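Inspection log for the structure reproduced underneath, given as structure tokens.
Every value quoted in this text rests on a predicted model; they were computed, and no experiment measured them.
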Amino acid sequence: MVRKGIWWILGIALVILLPARVLQMSLLLEEDQGLYRDSGQWGMILIGVSLLVAVVLFIIGRQGHWDTSAYRPKPVPVGGAMGILSGIAIAGQSLYAVVQMIQDENASAVGSQPLLVTLSSLVGIFAGISLMAWGTSLLKSGTLLQDYPLTGLVPPIWGCLHLTVLFTVYTAESDVQQNYYAILPFCLAPLFLLAQSSYFSGTGGVKARKKLYQFGAPLVLIGLTSSVPPLICMAFGLPQDSSLSLPLLLVLLMVSLYAATVMWGLRRGDSRSRVCVHRGIPYHLSGLSIGNDSAVNDTDIPQQQGDE
């Protein structure tokens, strides 16, 4: 029931927050001055609501009864596809940043930290390649991180470096609302990427899967709230106040969708874990796992439909 509660809370919050953000920017933002007609009051309310929901999702993810067995490889097609797209977005944004820096002799496009941006971009290219390889593995067997666990460290390292770039470049030029939507999702992204690498490589122990939901659910909420409304406003020619460039918005969108599809792809194992806990059977003794569908008696699942 806890697992289902996360998806219900996340879905309802997105249904409310995404249109509200679009309406806020399109109706209240003065495009010429970049200021809100209500002095940002409506925006602060939306920030408060999204932050409250993110904290609730984090607490539920921490307290919920998740499948704590070791990861057993299985294909996750949608998650694999989104992993490939996330890798393409990260690599593309990193290449774009390098080109921007080369073309701008004064390095004004990247603030006053050209060396830091260069390092972040180079690591970002390798992080994109790593995610594309991992996504390809998820399409087939999902064994890459078990065979080569160190490859899973590259995306979270890029996330930390890129977060440093955001702190040094954007925070000095943006207001509270812009900083919230630009910085917070990129704080959650490296934590989720590290958690998923720990879980899928088998090095994170029994807590790794729980951390997937702890950081993944808030990332999906804040990431989609930060990326989808500005992209919609850009597509329809409406005013928008995001301090992130189009490539960064696409990166944030892809990584958020990747987190959502990975968690959704693992939901079946959580359901079976709850069945075993309900019956007093230790999950690791039940014969159930993500990749062991035959271990479930056909008569078991209908009895639990009330919880699903």
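Of all heavy-atom pairs between Gly216 and Ala259, the closest is O-CB, 4.4 Å. Contact between Gly223 and Pro185 at its shortest, heavy atoms only, is CA-CB, 4.0 Å. The shortest heavy-atom contact between Pro229 and Thr225 is CD-O, 3.2 Å. Shown here for Ile6 and Leu57, the closest heavy-atom pair between the two residues is O-CD2, 3.8 Å. For Cys187 against Leu163, the heavy-atom pair with the smallest separation is SG-CD1, 3.7 Å. Of all the heavy atoms in Ala54 and Pro218, the pair that sits closest is O-CG, 3.7 Å.
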Chi angles and distances behind the side chain to side chain contact (heavy atoms under 4.5 Å, CB included) call for Arg62, Lys211 | CA-CA 7 Å; Arg62 184 178 180 85; Lys211 291 181 179 178; over 6 Å; no
Please test Leu249 against Ser245 for side chain to side chain contact (heavy atoms under 4.5 Å, CB included), starting from the C-alpha separation and ending with a verdict.
-> CA-CA 6 Å; Leu249 289 173; Ser245 63; over 6 Å; no
Kindly determine whether Val53 and Ile12 satisfy side chain to side chain contact (heavy atoms under 4.5 Å, CB included), including the steps that lead there.
-> CA-CA 10 Å; Val53 175; Ile12 292 173; over 6 Å; no
Could you check Ile84 against Leu139 for side chain to side chain contact (heavy atoms under 4.5 Å, CB included), going step by step and ending with a plain yes or no?
-> CA-CA 10 Å; Ile84 294 173; Leu139 290 175; 3.6 Å; yes
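Annotation: the span from Leu266 atom CG to Tyr213 atom OH amounts to 5.0 Å, rounded to 0.5 Å. In this structure, the separation between CD on Gln196 and CZ on Arg209 is 13.0 Å, given to the nearest 0.5 Å. Expressed to the nearest 0.5 Å, how far CG of Leu153 lies from OG of Ser197 amounts to 6.5 Å. From Leu219, atom CG reaches atom CD of Gln214 across 13.5 Å, with rounding to the nearest 0.5 Å. One distance of note links CG of Leu145 with CG of Leu150; it measures 10.5 Å at 0.5 Å rounding. Once rounded to the nearest 0.5 Å, the distance linking CE of Met82 with CE of Met254 reads 4.5 Å.
Between the side chains of Asp241 and Tyr181, not a single donor N or O lies within less than 3.5 Å of an accepting N or O. Side-chain contact check for Gln24 and Gln240: no donor-acceptor pair (N or O, by modelled atom type) lies under 3.5 Å. Side-chain atoms of Ser50 and Tyr180 include a donor-acceptor pair closer than 3.5 Å.
Cluster annotation: Ile60 and Trp264 are assigned to the same hydrophobic cluster (Ile/Leu/Val/Met/Phe/Trp/Tyr, side-chain heavy-atom contacts under 4.5 Å, transitive). The cluster map of Ile, Leu, Val, Met, Phe, Trp and Tyr, joined by side-chain heavy atoms under 4.5 Å apart, puts Phe215 and Trp7 in the same cluster. Leu252 and Ile157 fall within the same hydrophobic cluster, defined by Ile, Leu, Val, Met, Phe, Trp and Tyr side-chain heavy atoms under 4.5 Å apart, directly or through other members. Placement of Val117 and Leu115 in two distinct hydrophobic clusters is found when ILVMFWY residues are connected by side-chain heavy-atom separations under 4.5 Å, directly or transitively. In the hydrophobic clustering of this structure, Ile232 groups with Leu17; members are Ile, Leu, Val, Met, Phe, Trp, Tyr whose side-chain heavy atoms approach within less than 4.5 Å, directly or through other members.
The aromatic rings of Trp134 and Phe200 are tilted relative to each other, their planes meeting at an angle between 30° and 60°. Ring planes of Tyr258 and Phe192: perpendicular class, angle over 60° (limits at 30 and 60°).
Using a 4.5 Å heavy-atom threshold, the side chains of Met25 and Pro239 count as separate.
No close placement of the Phe126 and Trp158 rings is indicated, their centers lying 6.0 Å or farther apart.
Listed for the Ser130 side chain is no donor-acceptor partner under 3.5 Å among the backbone atoms of Val154. Side-chain N or O atoms of Thr164 include one that pairs as donor or acceptor with a backbone N or O of Cys160 at under 3.5 Å. Not one N or O on the side chain of Ser201 forms a donor-acceptor pair closer than 3.5 Å with the backbone of Gln146. Ser256 places no side-chain N or O within donor-acceptor distance of the main-chain N or O of Val220, the cut-off being under 3.5 Å.
With Leu188 as the fixed residue, the side chain to side chain contact (heavy atoms under 4.5 Å, CB included) test singles out one of Leu193, Val255, Leu221, Ile222: Ile222.
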